[in-house]
Amino acid sequence: MDVSHLLLTSVLFLLPFIAHVSAQQPGKLSQEVCDHRITTPVAPACTITAGKGFLQSYFKTVLFKGFLFSGNQWGLMSHPLLSQHEYSSKFLSHLCVFPGCSVSNKNPSVEENNPPGYNVTTIDLEAGFTATVDPSSPDGSYFTIQGSQLQLVKSVDYETDTALLVTVACQNAAGQRDTLDIIVTIINLNDNIPVFQQTNLTVTVPEDTKVNATIVAREDLSASDADLDIIYYELNSTVQDTTNYFAIKGINNPEIYLQKALDYDKFNSTTLILYAMDRPVGSSEITHTATATINIIIEQADTKPPWFLPCSFIDVDKSICISSPYSGRVNISEMSTEPLTLYPGPIYAKDPDYTINEKIVYSIVGGNADNVFSVDADTGNLTMNKIATSPDSYLLQVMATQVNNKQKYSVVSVEIKVINKSDHAPYFESSTYTGIVSVGVAPRSLVFQVEDPSSPLMIKAADDDFPDKFNPNIEYYIKNSTDFIATRDGLILTNVNLLSPETVIMEAVAKDTVSLQEASTIITVEIIFTADKITSDKLYTAQDMGILGGILAALLLITLVFLGLMIYKHYGKTVRFLINKKFSKDVPKSYENQAYNQDEHPDLSAKEQESSENGGITELQQPSFFLTSSKEEIDGLPKTSTASAVVFDLEEKEKEEEEKEEEEVKEDTKHEKEVKSILKTDRNEGDQGYKAVWFKTDVDPDAGEKVEVIKDNASDYDDDSDQDLQENEEEEDDKDDHHRGPGVSIDSENSSFPAAEVMINMSRTATENDVKV
């Protein structure tokens, strides 16, 4: 015992030195302690502990505590100083507790939501050792050991435990026991759905809320995720055409704001759906989505002025309604004590913000000359203050104003016509009318009378205010049927294509557009197949009449053209002469003895006779005295003298015709001599009043007393003719001077004849009637 105590004391004194040497090489000694089982299989790496049997008297000493500290930190058996002494090695083996189990990784990781029996890690056991979960472990209830496998007995949740600590105890049959602490890290998975604070909320929004104003705050709509994921938001609407009115501030900001002005008339409520997702839209990863429902109630605001009724909307939004003017009638010089009857109805305005329905007052703001009319402020009834003495119409301006806000108002026109009093209303002389029409006729086809299927059905209203009972101000219309219409003249026409036979009973109204008085009658129309009743008479519609009129007009035009061509062909020369004659001088006509002219001018007389026998051809001859006029005189004629221009234009042409006519006259004279007289030379003795009259050129020299010869007083005739001709020439000279203007004259003295002579034969029988100019 003394030796042992001595030896132990020596070793203990040497321990500080050994610790000091080990401190010089801390890294090397630390590594050796860890790997001592390899370098020294007989004495594996150990941990010095107190309480061994023969050291119980030393473990409380300061020296021993220092030895424990140094030994555990730097290792003992690895140092050559101790390993060289077998005795010391055996001694130290009593101070060391060698581990019976180990793991390659004391900090394994496990994903959350694992199934039960999941292997956490594998425990390496020394021979003779067994491992168990230390019941005193903080999280020992999560683990179990199956053989050498450390397993989880239940699923773990990252949101509950982010790490688990388990202690594994290793013990052999000799009672040697070792413990091993293992820290298990839990891996977070995306296994939670975002959660809204409120999944259903209702918000009331005034109609006049400003654009960009916040409707629902962010804190009321933010969602949370236990996985601590970033939340992505999306907003939709369940009511059609309301999505564009609301929006969120951003993809990660669920605050809802108004992005378009509200209109209560378009919609007064909508439902919005807000989506919260833990992954971006379109992500391929598993995405969890939560929804929240936002009910939006629109509260109507006082935003519109009053509307006069009836009115018509001018846009699809129905935000603007335009009213038509009112009209009425009053009798001149007559006072009406009742409210006036107006068209299309009494004056009435309403607040289009109908849930508010502010009170409206009426007033006349213009057109009320002499204060003839007044309007009731509450009802809008128009009454008279005095009689209307002028037939002029009144155009009143009536204003409707909201009581709570005078800036919200509307103005409408009211035309009051002043008319003569109507003592009688129009009336129908027949209380019923009956018509017939065929199935399948086109719209706007006539309805015909049943009694006379070829005559159209016409209604007619009479008015005793007119002498003939015909009131031109009456208009007709059908009141309770859209299949037929009435024209202003009272004709009944189809308005649609009638497809099947039936009987239509309708009411026709005659309205006086001035007095607004009305009368009504009943019309019964039988719609039948054509073969049922109309078999012999052909019924024509207005379209048929129009086509027929067009054809007849075309035929008339063709006939007129053809007739004009025929007239021009046969009477062209006469027409041209009459046109020229319009511009020639007008002279008095004279008659000549044909026999005398034949003696004086046998060639011309023969020519005229031939012309008369051949059909009365009109001839225009240029007189020879015009040829004696000087060229200067011709050139000096005014341009506006149409008669002179016509004569001179014919000069050259008539020269050629004169030569040709001379030859024709000779032939005609020769032919005339061969013609014998049809008059008898014998005197009728039995008739006392009978006489045979002959011109001197046709008397037979042997006639004797049987023939009474009437002498031609050529001298007297010539004197009278010359005197008349001279007077006519003086009148014509005056007319020519007037038309030619100053400085223009024709000297007739330079001519060999007093005037031009134009011979015209107008008919076959009147051969003696010649026109002399």
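In what follows, residues are counted from 1 in the order of the sequence shown.
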If you take the centroid of each ring, where Trp contributes its six-membered ring, are Phe313 and Trp307 closer together than 6.0 Å?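 Yes, close enough.
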What do you reckon, are the aromatic ring centroids of Phe373 and Tyr394 less than 6.0 Å apart?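 Between Phe373 and Tyr394, the centre distance is under 6.0 Å.
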Is the backbone of [Y] close enough, under 3.5 Å, to the side chain of [X] for a donor and an acceptor to pair up by distance?
{"X": "Asp353", "Y": "Thr303", "result": "yes"}
{"X": "Gln300", "Y": "Tyr264", "result": "no"}
{"X": "Thr238", "Y": "Thr271", "result": "yes"}
{"X": "Asn252", "Y": "Ile231", "result": "yes"}

If I take atom OG from residue Ser445 and atom CG from residue Leu498, how far apart are they, to the nearest 0.5 angstrom?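 Going from the OG atom of Ser445 to the CG atom of Leu498 covers 8.5 Å.
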Would you verify whether the NZ or CZ of Lys460 falls within 45 degrees of the ring axis of Tyr427 while also being under 6.0 Å from that six-membered ring's centre?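 No cation-pi geometry.
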Could you check whether atom NZ of Lys249 has more than 12 heavy atoms from other residues, nucleotides or ligands sitting under 6.0 Å from it? yes
With sequence neighbours excluded, give me every ring pair (Phe, Tyr, Trp, His ring centres under 6.0 Å) pair touching residues 465-515.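 Sorted pair list comes back empty.
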May I ask you to say whether [X] pairs ionically with [Y], meaning some side-chain N is under 4.0 Å from a carboxylate O?
{"X": "Glu475", "Y": "Lys511", "value": "no"}
{"X": "Glu255", "Y": "Arg218", "value": "no"}
{"X": "Lys304", "Y": "Asp265", "value": "yes"}

Is there a donor-acceptor contact under 3.5 Å linking the side chains of Glu526 and Thr503?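 Per modelled atom types, Glu526 and Thr503 side chains form a pair under 3.5 Å.
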Using ring-ring contact (aromatic ring centres under 6.0 Å, His included) as the criterion, list what pairs up with Phe267, not counting sequence neighbours. Tyr245
